[in-house]
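Reviewing the structure listed below.
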Amino acid sequence: MPANPALDADVPAEAGPPDEAVGPLIRGVGVLRRLTEAGGALSPSALERTTGLARSTVDRIAATLAHMGYVRLDGRDVVLTPRVMELGNAYLAALRLPALLGARADALADELDESVSLAVADLDGIRFIHQATRRRALSVSFRIGDLLPAERTAPGALFATEWTEQDRARRRARRAADPQDAAFPAVPPRRIPADEAAFTQRVERARRDGWALDDQLIEPGLVAVSVPVRDPQTGRPACVASVVSHTSRHSAADLRTSLLPRLRTAVAAMESDLRTAPAPEPGPPPSGLATWTTASKHQLGRDFVESLARGLTVLTAFGAGRSALPLTEVARATGLSRATARRALLTHEHLGLVSAGPDRAFTLTPRVLDLGFPPLSRTTLPRLAEPHLRALADALHEPTALAVLTPDGTEIQYTAGAGAGRVLTVHITVGARLPAAATSLGRVLLADRSPAFPEARAQGYALADEELESGLRSIAVPVRDRTGRAVAAVCVATHAARRTLESCVQDLLPELRRTTDHIQTDLHTASRFTPVPPT
């Protein structure tokens with residue numbers, strides 16, 4: 001897999017890292033980027049090949065990232081987990097645009113029944129920060145965090161109207177090194193050389209018209225129209241809003257006549273929101289990170305790369321109300337010494353993950369989204385829960401399941417499950433439906449909606465004792481979203497001969513609750529800036 005020079009450093013290719021750069025941090029970021037480019041999972045031997053690192057170094061980095069919760073070691077593979085999205089969440093929270101404008105983009109997508117995206121400039125490319133995608137058989141597959149070359153997009157032409165000569169030179173160097181766009185995994189490789197004159201004309205047209213069109217620039221059939229959302233302070237594009245469709249629904253000319261006026265209306269409302277938005281209230285910064293990394297080093301020894309862990313925690317110092325931080329504030333938020341925080345920031349600046357202003361206040365760049373966000377931004381609750389269900393089934397030697405209520409509330413539908421290696425066991429079929437009132441899963445979900453099961457509501461769990469089938473006992477707890485609403489439930493099933501009701505509560509319930517807490521933590525992290533469908 002080719003490394004992307006536009007991703008790996010914000011410096012000329014021949015320039016090395018500064019003397020004070022943290023080598024293990026550079027190598028750890030490289031591993032996260034290779035995992036991201038590969039769709040979220042690679043074997044250690046594949047990481048060894050794609051990063052050029054020694055196998056022992058890959059193993060230590062993977063062990064450190066696993067201890068941080070950013071990856072899991074699943075059989076032969078290193079797999080990204082939703083916890084790594086906290087890095088991208090820090091950037092998106094500091095940026096504020098998804099929180100301020102996302103609802104407008106979602107409403108426009110509902111109105112038009114088309115996909116709507118928000119994108120920001122990332123050097124000579126564009127990167128998505130919000131996606132409202134239609135769920136249909138033929139739909140746009142771009143994800144939050146995906147990076148596209150500017151010349152193959154409508155937003156790129158609009159951002160290019162602001163480019164300096166240095167920006168244009170960077171793009172020429174990138175195109176010369178990668179004429180097929182092989183380092184942009186989100187787009188198909190280029191089949192014919194880019195038409196420089198055509199791109200220049202599109203930029204000039206965008207400068208004149210104030211909007212831009214993508215007429216199948218990325219691949220045949222894909223069309224889009226884009227309008228810049230301008231920062232009220234500078235007048236420059238803060239981001240670009242786009243309506244995306246395909247030629248079976250709209251021609252490029254049709255986008256201009258039928259959808260552009262409504263997009264412009266939505267953008268005007270977005271710009272009004274930016275003008276009137278109150279200053280953000282800073283949330284609490286992370287705490288105890290330096291203490292945690294020190295304790296982890298004592299616990300794991302040489303298998304824990306402390307400088308990598310500390311360097312990544314620096315990124316989580318940023319967030320809502322903490323978009324620009326001087327070195328002192330970064331050190332205070334993380335608990336790291338000024339010298340350690342400074343070396344981490346210099347390393348991140350070399351990697352293009354942070355930038356320093358004239359006042360030496362640091363800000364995160366869109367490239368933080370390269371660290372695991374795109375492949376996880378389209379996850380679903382069943383996919384998120386599956387590894388936790390497997391771990392619970394293995395620990396208890398009992399089958400586990402995840403289920404949701406059907407829209408009318410009369411049935412549950414199984415959406416994920418993990419079996420147990422027993423002769424006598426419960427077989428859970430994903431997609432199967434059962435009467436809600438006769439199952440522990442249904443009762444704990446109904447307890448949130450009606451007064452029919454007050455005991456389940458008061459206790460936070462529900463038991464079903466041989467009501468659905470003789471000998472079958474189960475216990476379930478709810479899975480709650482960021483608002484506290486029960487969106488699903490997890491259960492453990494057993495045979496009455498193996499466990500009494502008291503044993504279900506005393507032995508199964510604590511492990512079940514711990515597993516549900518892990519699922520909820522992942523759900524809350526993954527759903528902060530992107531929807532996580534329950535099925």
Side-chain angles (χ1 to χ4, degrees), residues 82 380-382 384-386 388-389 391-393 395-396 398-418 426 428 430-496 498-528 531-535:
T380 62
L381 182 54
L384 181 153
E386 281 169 356
H388 299 292
L389 297 178
L392 180 62
L396 299 178
E398 302 284 8
T400 63
L402 178 80
V404 297
L405 278 177
T406 56
D408 63 6
T410 62
E411 294 179 308
I412 61 160
Q413 180 177 0
Y414 289 110
T415 57
V426 179
I428 296 166
V430 172
R433 295 187 176 194
L434 294 173
T439 64
S440 60
L441 290 159
R443 289 175 180 177
V444 81
L445 289 169
L446 289 171
D448 258 30
R449 296 189 175 190
S450 72
F453 300 99
E455 188 175 354
R457 184 178 183 86
Q459 296 176 153
Y461 69 88
L463 275 166
D465 183 22
E466 303 188 75
E467 295 168 55
L468 190 66
E469 184 176 331
S470 297
L472 177 62
R473 284 178 177 154
S474 66
I475 185 168
V477 297
V479 176
R480 299 187 182 278
D481 64 13
R482 293 176 62 87
T483 69
R485 183 173 61 95
V487 293
V490 178
C491 81
V492 177
T494 187
H495 191 275
R498 286 203 297 268
R499 299 184 190 271
T500 64
L501 291 176
E502 291 76 13
S503 174
C504 288
V505 175
Q506 293 175 7
D507 302 330
L508 301 184
L509 182 59
E511 294 296 327
L512 177 59
R513 279 181 163 156
R514 270 191 286 272
T515 295
T516 305
D517 286 344
H518 292 321
I519 294 172
Q520 286 183 163
T521 297
D522 282 352
L523 174 62
H524 296 174
T525 301
S527 63
R528 185 172 179 188
V532 176
T535 58

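Quick note: numbers below take in every heavy atom, side chains included, and nothing from hydrogens, waters or symmetry partners. Model, not experiment: these values are computed from the prediction.
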Could you measure the distance from the [atom1] atom of [X] to the [atom2] atom of [Y]? Nearest 0.5 Å is fine.
X: Cys491; Y: Leu389; atom1: SG; atom2: CG; result: 9.0 Å
X: His388; Y: Thr400; atom1: NE2; atom2: OG1; result: 11.5 Å
X: Leu441; Y: Gln413; atom1: CG; atom2: CD; result: 12.5 Å
X: Ser470; Y: His495; atom1: OG; atom2: NE2; result: 8.5 Å
X: Leu381; Y: Glu386; atom1: CG; atom2: CD; result: 10.0 Å
X: Arg449; Y: Arg457; atom1: CZ; atom2: CZ; result: 12.5 Å

I'd like to know if the side chain of [X] reaches the main chain of [Y], judged simply by a donor and an acceptor atom lying under 3.5 Å from each other, with no hydrogens or angles considered.
X: Thr406; Y: Glu411; result: yes
X: Arg443; Y: Ala437; result: yes
X: Arg473; Y: Cys504; result: no

Next on the checklist: Tell me if the CD atom of Glu466 is crowded by more than 12 foreign heavy atoms within 6.0 Å.
Outcome noted: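 It does: Glu466 CD has more than 12 such atoms within range.
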Checklist entry - Passes side chain to side chain contact (heavy atoms under 4.5 Å, CB included), Thr439 versus Ser474? Steps please. => result CA-CA 8 Å; Thr439 64; Ser474 66; 5.7 Å; no
Decide yes or no for [X] and [Y]: does some side-chain heavy atom of the first lie under 4.5 Å from some side-chain heavy atom of the second?
X: Asp507; Y: Leu396; result: no
X: Leu392; Y: Glu511; result: yes
X: Phe453; Y: Val444; result: no

Item to check | Verdict with supporting geometry, Asp481 and Ser527, side chain to side chain contact (heavy atoms under 4.5 Å, CB included) | outcome: CA-CA 8 Å; Asp481 64 13; Ser527 63; 5.9 Å; no
Item to check | Result of checking Asp448, Leu405, Leu523, Leu445 against Val487 for side chain to side chain contact (heavy atoms under 4.5 Å, CB included) | outcome: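 It is Leu523, the one option of Asp448, Leu405, Leu523, Leu445 that forms the side chain to side chain contact (heavy atoms under 4.5 Å, CB included) with Val487.
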What closest approach, in Å, do [X] and [Y] show between heavy atoms, and which atom pair accounts for it?
X: Thr415; Y: Val430; value: O-CG1, 3.6 Å
X: Ala438; Y: Ala464; value: O-CB, 4.1 Å
X: Thr525; Y: Pro82; value: CG2-O, 3.3 Å
X: Leu463; Y: Ser440; value: C-CB, 4.2 Å
X: Leu384; Y: Ala526; value: CD1-CB, 4.1 Å
X: Ala385; Y: Ile519; value: CB-CD1, 3.9 Å

